[in-house]
Amino acid sequence: MKLSELIKVLQPAQVSGSLDVEISDIAIDSRQVRPGHLFIAVPGTQVDGHQFIPKAVEQGAVAIICQFLPEQPADGVTYVQVSDSEGAVGPLAHHFFGDPTQKLDLVGVTGTNGKTTIATLLFKVFRRFGYKCGLLSTVCNYIDDEAIPTDHTTPDPITLNRLLGRMADEGCRYAFMEVSSHSVAQRRIAGLRFKGGLFTNLTRDHLDYHKTVEAYRDAKKGFFDMLPGDAFAVTNADDKNGLFMTQNTAATVKTYSLRSMADFRARILEESFEGMVLEIDGHEVCVQFIGRFNVSNLLAVYGAAVCMGKQPEEVLVALSTLRPVNGRFETIRSREGVTAIVDYAHTPDALDNVLATINEILKKPGQCITVCGAGGNRDKGKRPLMAQSAVRASDRVIITSDNPRFEEPQDIINDMLAGITTPEEKRKVIAIADRREAIRTACALAQPGDVILIAGKGHEDYQEIKGVKHHFDDHEVVREAFSLE
């Protein structure tokens with residue numbers, strides 16, 4: 001694409017050089033620049049991309065988008081000065097990759113918990129209806145049945161638009177994506193046109209980045225503020241922030257609830273560790289999911305599908321065929337009758353929800369044994385709160401390592417143990433830093449009829465230690481301890 005065509009989406013303050021140059025690709029990382037590329041210099045939180053302009057030119061960049069023109073511009077390179085280069089990346093990438101969201105219906109899901117489940121189930125439901133679809137999620141990205149590994153909940157704008165461009169080019173009708181608070185705050189989704197948005201819930205998370213719950217909440221709200229008038233917004237009326245999220249949106253707002261009047265309603269009729277019988281908008285449906293939080297997730301999927309023009313009855317049939325997403329309340333049964341549940345719960349609220357579900361179904365004298373930790377180099381304030389959540393709702397708790405990253409596992413464990421104060425609570429808890437040994441110990445302690453919750457990592461098949469990802473899969477360790485492998 002000619003540079004003159006590409007920058008039509010911008011309002012440049014100044015241009016130095018020719019706009020009649022052909023751009024073969026775009027990059028925000030100078031290490032990825034190749035001859036013919038456009039390099040966008042973004043002032044980041046850690047480093048300023050402007051200092052890598054010479055490196056990008058050396059690598060072959062023919063044009064630079066920047067906020068500050070270099071004192072010594074290189075010969076033969078075009079410099080386009082803008083007031084906000086970070087905000088320019090999304091619109092430039094979207095235009096360069098063929099304006100993909102003009103060709104497919106993009107639906108975003110935001111909130112603290114449930115994003116992966118809802119986005120993935122929508123992807124599965126609409127594929128079941130016979131459409132080619134795309135998925136952008138924490139677990140994996142998909143272009144129909146082609147899996148593309150992912151590192152972030154929401155990729156950077158160039159990766160994101162490249163994927164959406166491929167989805168559109170390969171005939172996808174719909175795309176479903178998780179929208180993280182980081183992606184809104186860092187404008188990774190700028191330039192995208194959403195057909196709809198869903199809000200799940202909001203609890204404390206990512207305060208290492210956002211600093212306050214209000215800033216975190218407002219980042220989520222920013223997603224709904226940007227929805228156009230012909231879009232829909234489906235929000236959780238059971239969450240105190242549900243209606244706050246949509247109060248300034250131009251989209252058509254619909255609500256869903258398990259507790260009050262709403263556009264889409266559901267209640268649990270029967271529940272076991274094998275699944276539930278639900279009533280959704282007056283219709284009974286059997287599903288292979290467990291827990292009130294999953295009823296809320298399924299109701300959000302149902303509401304979005306109806307907003308997208310599908311008949312309620314056909315959506316309910318599709319929901320009845322679905323299975324839980326990898327690492328989201330997955331059950332593994334031992335031959336002796338012990339149930340292990342592997343779940344991604346890594347916030348106090350998520351842990352509360354999962355444990356509440358277990359205790360609603362657990363038949364006494366069966367006990368609940370919880371194995372949990374907390375991630376390193378992340379919000380430290382939630383560590384004692386997670387331990388408190390685990391101890392309140394469990395008979396035994398094993399505090400262990402999660403992804404320590406660049407922290408010492410024992411330091412993280414100590415932060416969690418600080419939340420356990422009474423002698424009664426302390427008697428419930430043991431700390432085992434080795435996660436494999438912690439899971440094995442829980443399995444050894446469990447008796448027939450007991451339930452073991454292994455929380456925090458879910459779908460992840462690694463442990464991140466000192467910058468290195470080591471293979472580790474909770475499912476594998478459980479099956480080995482249960483002698484199922």
Side-chain angles (χ1 to χ4, degrees), residues 9-10 26-29 40 42-45 65 82 84-112 114-116 118-120 122-123 133-138 141-143 148 150-168 172 174-200 202 205-206 209-210 215-235 245-246 248-251 304:
V9 296
L10 304 181
I26 56 179
I28 53 175
D29 185 336
I40 308 168
V42 176
T45 54
I65 302 286
V82 295
D84 176 13
S85 55
E86 182 181 55
V89 181
L92 281 168
H94 191 251
H95 190 41
F96 183 80
F97 291 108
D99 301 314
T101 57
Q102 302 294 336
K103 303 169 188 173
L104 48 76
D105 288 348
L106 176 64
V107 176
V109 186
T110 196
T112 305
K115 296 188 298 295
T116 299
I118 292 170
T120 303
L122 278 167
F123 170 75
C133 299
L135 174 67
L136 294 144
S137 84
T138 302
N141 299 322
Y142 282 90
I143 300 176
I148 301 167
T150 181
D151 291 322
H152 297 92
T153 299
T154 311
D156 68 81
I158 294 172
T159 303
L160 175 57
N161 280 281
R162 182 178 277 114
L163 283 167
L164 289 169
R166 280 195 58 198
M167 291 174 190
C172 290
Y174 299 100
F176 305 97
M177 69 176 284
E178 296 181 49
V179 177
S180 68
S181 57
H182 291 73
S183 72
V184 181
Q186 296 170 3
R187 288 173 286 184
R188 294 182 213 163
I189 58 173
L192 303 183
R193 184 174 180 83
F194 286 86
K195 190 68 176 177
L198 294 90
F199 172 70
T200 62
L202 190 127
D205 203 10
H206 301 304
Y209 176 81
H210 294 287
Y216 174 54
R217 176 200 65 194
D218 291 348
K220 299 283 189 189
K221 180 179 179 295
F223 168 59
F224 294 95
D225 291 349
M226 65 172 278
L227 291 178
D230 60 352
F232 64 84
V234 175
T235 191
M245 288 289 152
T246 57
N248 298 117
T249 189

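With sequence neighbours excluded, the residues satisfying side chain to side chain contact (heavy atoms under 4.5 Å, CB included) with Val89 are Ile28, Ile40, Val42, Pro157, Ile158. Taking Asp99 as the reference, His94, His95, Gln102 meet the side chain to side chain contact (heavy atoms under 4.5 Å, CB included) condition, with sequence neighbours excluded.
Listed here is the closest heavy atom pair of Leu122 and Ala304: CD2-CB, 4.0 Å. In terms of heavy atoms, Ala119 sits closest to Glu178 at CB-CG, 4.2 Å. Taking each heavy atom of Ala219 and Ser181 in turn, the nearest pair found is CB-O, 3.8 Å. Taking both residues in full, the closest heavy atoms of Ile26 and Ala93 are given as CD1-CA, 3.5 Å, listed atom of the first, atom of the second, then distance. Residues Gly134 and Cys172 approach most closely at N-SG, 4.0 Å, considering heavy atoms. Taking each heavy atom of Ala88 and Leu10 in turn, the nearest pair found is CB-CD2, 3.6 Å.
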Yes or no on side chain to side chain contact (heavy atoms under 4.5 Å, CB included) for Leu227 and Phe232, after CA distance, side-chain angles and deciding distance?
-> CA-CA 8 Å; Leu227 291 178; Phe232 64 84; over 6 Å; no

Test side chain to side chain contact (heavy atoms under 4.5 Å, CB included) on Thr110 and Met245 and set out the steps.
-> CA-CA 10 Å; Thr110 196; Met245 288 289 152; 5.7 Å; no

Step by step, would you call Met177 with Leu160 a side chain to side chain contact (heavy atoms under 4.5 Å, CB included)?
-> CA-CA 10 Å; Met177 69 176 284; Leu160 175 57; 4.0 Å; yes

Derivation of the side chain to side chain contact (heavy atoms under 4.5 Å, CB included) call for Asp230 and Arg193 | CA-CA 10 Å; Asp230 60 352; Arg193 184 174 180 83; 3.0 Å; yes

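Judged by distance alone, the side chain of Lys115 and the main-chain N or O of Gly111 form a donor-acceptor pair under 3.5 Å. Remark: the backbone N or O of Leu106 is not paired with any side-chain donor or acceptor of Thr101 at under 3.5 angstrom. Checking side-chain atoms of Thr246 against main-chain N and O of Thr249 turns up no donor-acceptor pair under 3.5 Å. Although no hydrogens or angles enter the test, the distance criterion places no donor-acceptor pair under 3.5 Å between the side chain of Lys195 and the main chain of Ala175.
Taking CZ of Phe176 as the start and CG of Asp105 as the end, the distance is 8.5 Å to the nearest 0.5 Å. Here the CD1-CD1 distance, from Ile143 to Ile148, works out to 3.5 Å after rounding to the nearest 0.5 Å. How far CG of Leu136 is from CD1 of Ile189: 12.0 Å, rounded to the nearest 0.5 Å. With rounding to the nearest 0.5 Å, the separation of CZ in Phe97 from OG1 in Thr159 is 8.5 Å. Separation of atoms CZ (Arg162) and CZ (Phe96) is listed at 8.0 Å; rounding is to 0.5 Å. For the atom pair Ile118 CD1 and Thr200 OG1, the distance stands at 5.5 Å (nearest 0.5 Å).
Taking 4.5 Å as the limit, every side-chain heavy atom of Phe224 sits out of range of all side-chain heavy atoms of Thr235. Contact of the Val109 side chain with the Val179 side chain is not registered, since no non-hydrogen atoms from C-beta on lie closer than 4.5 Å.
Between the side chains of Ser137 and Tyr142, not a single donor N or O lies within less than 3.5 Å of an accepting N or O.
Taking a 6.0 Å sphere around CZ of Phe194, one finds it holds more than 12 heavy atoms contributed by other residues, nucleotides or ligands.
The pair Lys220-Asp225 fails the salt-bridge criterion, with no side-chain N (NZ, NE, NH1 or NH2) lying under 4.0 Å from an Asp/Glu carboxylate O.
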